[in-house]
*Asks:* 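This structure is in structure tokens; I'll ask about it shortly.
In what follows, residues are counted from 1 in the order of the sequence shown. We count ligands from 1, going down the list as the structure has it; atoms in each ligand are counted the same way.
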Amino acid sequence: MQTKGPIGVFDSGYGGLTVLRDIVNRLPQYDYLYLGDNARAPYGNRSFETVYHYTLDCVKWFFSQGCSLVILACNTASAKALRTIQQKDLPQLAPGKRVLGVIRPTAEVIGKYSITGEVGVLATQGTVNSGSYLMETAKFFPELKVYQEACPMWVPLVENNEYKNDGADYFIRKNLDDIFEQGEKIDVLLLACTHYPLLREKIEEYMPIDVTLVSQGEIVAESLDDYLKRHPEIESACSREGKRSFYTTDSTSDFDNHARVFYGEDVQSNHVDLKV
Ligand code: DGL
């Protein structure tokens, strides 16, 4: 008999909890195991090699916990590590298991939100440098003009609990001014970092009123729902007791305090030492 396990949800830190929230809302019946690699976050400015090695460590840990499906709920890891893990590591490590990211499902639908045909992608430096959004959106919406803006201060503002304070306004205005200078007709802004939904209020304050702000949680949740329907062999390996477990590679008390904000519910996390 096939052993069932939880669906793994991964982020460098807390951001993936915003995605997990939407996944759980849509698919509450499954068990979920969340891991934040907080001890090594942020990933945003790290090299391809480093992000790949860190992400692979975490994917191996999920597999050791019985997960058959892992979602990289982190754009940086999806941009810099996913392809190599899918193509090079999975066939050797665990050919029956799957690792999915957040960029492809977002790219599949983002063009539908735009009337002008111009979209702005706000992301970490790593995601921008990877060019992943440009490549992926071109596959589904070849006519779409995609402008990118790296917002390297936004994750630290969120991680340091400064995202509601006045200091955040400066960086948000600066990056928004920069992206609208690139593309005046942008009518969709994509929050292509799972930390950014926490900045939504301030972003809305400084963006033009007729622009649609899109975050990824619901898009990823809908895509996962669809994936599970199309892949019964993976779906049947996912346990369904409605359990959620949270792990961090750093302090559990810090994790629990942040998780309340990102996940919108109290959580009690466990510490894991990846011993790498
Ligand atoms: N939340 C991650 C993302 O979606 C980035 C955070 C980080 O820089 O580690 O890109």
Side-chain angles (χ1 to χ4, degrees), residues 8-23 34-59 70-83 85 99-107 110 120-134 136 148-163 168 171-172 175 189-200 203 213-221 223-224 246-250 254-255 258-259 261-263 274:
V9 178
F10 168 72
D11 184 43
S12 57
Y14 308 111
L17 288 165
T18 61
V19 175
L20 179 63
R21 177 75 273 160
D22 285 310
I23 293 179
Y34 184 91
L35 174 63
D37 190 9
N38 300 85
R40 302 187 290 191
Y43 282 13
N45 292 324
R46 296 193 189 276
S47 69
F48 270 82
E49 272 297 290
T50 303
V51 173
Y52 161 64
H53 285 296
Y54 286 0
T55 307
L56 183 60
D57 294 339
C58 296
V59 165
V70 178
I71 314 291
L72 303 185
C74 172
N75 287 272
T76 311
S78 301
K80 292 184 156 187
L82 180 62
R83 186 179 299 243
I85 291 176
V99 181
L100 306 174
V102 289
I103 295 181
R104 175 104 183 188
T106 308
I110 194 65
V121 172
L122 303 164
T124 65
Q125 191 69 60
T127 300
V128 167
N129 289 354
S130 75
S132 299
Y133 273 100
L134 303 181
E136 291 297 326
Q148 305 191 95
E149 174 72 12
C151 311
M153 292 304 291
W154 291 16
V155 168
L157 283 169
V158 171
E159 293 268 333
N160 291 293
N161 227 6
E162 289 290 335
Y163 63 99
F171 292 103
I172 290 172
N175 291 127
L189 275 183
L190 171 66
L191 302 181
C193 170
T194 53
H195 278 68
Y196 296 174
L198 273 81
L199 296 164
R200 176 176 270 273
I203 298 170
L213 192 59
V214 177
S215 51
Q216 296 173 293
E218 284 178 21
I219 295 173
V220 173
S223 158
L224 175 61
F246 299 85
Y247 283 79
T248 173
T249 54
D250 203 0
D254 281 355
F255 187 92
H258 279 83
V261 179
F262 282 80
Y263 187 61
L274 292 177

*Asks:* For Phe262 together with His195, are the ring centres under 6.0 Å from each other?
*Replies:*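 His195 vs Phe262: aromatic centres under 6.0 Å.
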*Asks:* Check each atom of ligand 1 against the heavy atoms of Asp11 and keep those under 4.0 Å away; list them by number with element.
*Replies:*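 This gives 1 (N), 2 (C) as the contact atoms.
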*Asks:* Measure from the side-chain N and O atoms of Thr248 to the backbone N and O of Phe255, and report whether any donor-acceptor pair falls under 3.5 Å.
*Replies:*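 Between the backbone of Phe255 and the side chain of Thr248 there is no qualifying donor-acceptor contact (under 3.5 Å).
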*Asks:* Please report which non-hydrogen protein atom sits nearest to atom 10 (O) of ligand 1, along with the residue it belongs to and the distance in Å to one decimal place.
*Replies:*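 Its nearest protein heavy-atom neighbour is Thr76 OG1, 2.8 Å.
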*Asks:* Distance alone, cut at 3.5 Å: any donor-acceptor contact between the side chains of Thr127 and Ser130?
*Replies:*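 Not at all, the side chains of Thr127 and Ser130 share no donor-acceptor pair under 3.5 Å.
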*Asks:* With a 3.5 Å cut-off and no angle check, do the side chains of Gln125 and Asn45 form a donor-acceptor pair?
*Replies:*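 Gln125 vs Asn45: no donor-acceptor pair found between side chains.
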*Asks:* Tell me which one of Asn75, Ile103, Val155 gets a heavy atom nearest to atom 4 (O) of ligand 1.
*Replies:*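 It is Asn75 that holds the nearest heavy atom.
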*Asks:* With atoms numbered from 1 as shown, which atoms in ligand 1 lie under 4.0 angstrom from a non-hydrogen atom of Thr194?
*Replies:*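 With Thr194 as reference, the close atoms of ligand 1 come out as 1 (N), 2 (C), 3 (C), 4 (O).
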*Asks:* CG/Leu157 to CD1/Ile172 distance, rounded to the nearest 0.5 angstrom?
*Replies:*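 Output value for this atom pair is 7.0 Å.
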*Asks:* Can you list the ligand 1 atoms lying under 4.0 Å from a non-hydrogen atom of Tyr43?
*Replies:*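 In order of number, 7 (C), 8 (O), 9 (O).
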*Asks:* Can you sort out which atoms of ligand 1 are near Gly44, meaning under 4.0 Å from one of its heavy atoms?
*Replies:*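 Listed by number with element: 7 (C), 8 (O), 9 (O).
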*Asks:* Using distance alone, with no hydrogens and no angle criterion, decide if Asn75 and Gln216 have a side-chain donor and acceptor under 3.5 Å apart.
*Replies:*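 Yes - a donor-acceptor pair under 3.5 Å links their side chains.
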*Asks:* What is the nearest protein non-hydrogen atom to atom 6 (C) of ligand 1, stated with its residue, atom name and distance?
*Replies:*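 For atom 6 (C) of ligand 1, the nearest protein heavy atom is Ser12 OG, 3.4 Å.
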*Asks:* Can you find a non-hydrogen atom of Gly13 under 4.0 Å from ligand 1?
*Replies:*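 No.
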*Asks:* Please tell me whether Asp11 and Tyr43 have a donor and an acceptor in their side chains that are separated by less than 3.5 angstrom.
*Replies:*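 The criterion, which ignores hydrogens and geometry beyond distance, is not satisfied for Tyr43 and Asp11.
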*Asks:* Of the side chain and backbone of Ala41, name the one, both, or neither that has a heavy atom under 4.0 Å from an atom of ligand 1.
*Replies:*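 Neither; no heavy atom under 4.0 Å.
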